[in-house]
Amino acid sequence: MGTTTVGALIGGAIDSMSGDDGAADGAIIGAVTANVLKLVVPVVVTYAVGWAVLRGAEQLREQLFQREKTA
């Protein structure tokens, strides 16, 4: 099953629990949310990893230059 299908099934199930109307609108919202998350999560993870690498490189640079000044 694809991400969109799973999102639609979960959204439809959650929406049908309220009992007000059918599960179709919840399925649509679930499918759209699944597709948005499929795009946003990799971007956020890539940003976080890139930030961590830059932060580590900055700390390494500070340590290297600090050692050169004291030596």
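Note that these values count all heavy atoms, side chains included, but never hydrogens, waters or copies made by symmetry. FYI, the numbering just counts along the sequence from 1.
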(request) Identify the heavy atoms of Gly7 and Ala34 that sit nearest to each other, and give their distance. (result)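 The answer is CA-CB, 4.0 Å.
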(message) Applying side-chain hydrogen bond (donor to acceptor under 3.5 Å, both in side chains), can you list everything that pairs with Asn35, at least two apart in sequence or on another chain?
(response)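 Here the qualifying residues are Thr4, Lys38.
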(message) Membership question, hydrophobic clusters at under 4.5 Å side-chain separation (ILVMFWY): are Val6 and Ile14 in the same one?
(response)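 Shared cluster, yes.
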(message) According to a hydrophobic-cluster definition based on side-chain heavy atoms being under 4.5 Å apart (Ile, Leu, Val, Met, Phe, Trp, Tyr only), do Leu39 and Val32 belong together?
(response)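 Shared cluster, no.
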Throw together a table of side-chain donor-acceptor distances under 3.5 angstrom for residues 46-61, partners on residues two or more places apart or in other chains.
{"from": "Thr46", "atom 1": "OG1", "to": "Pro42", "atom 2": "O", "distance (Å)": "2.7"}

(request) Return the set of residues passing side chain to side chain contact (heavy atoms under 4.5 Å, CB included) with Val43 (not counting sequence neighbours), or none when no residue passes. (result)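 For Val43 there are no side chain to side chain contact (heavy atoms under 4.5 Å, CB included) partners, ignoring immediate neighbours.
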(request) Could you list the residues that satisfy side chain to side chain contact (heavy atoms under 4.5 Å, CB included) with Ile29, not counting sequence neighbours? (result)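 Counting only residues at least two positions away or on another chain, Ile29 forms a side chain to side chain contact (heavy atoms under 4.5 Å, CB included) with Thr33.
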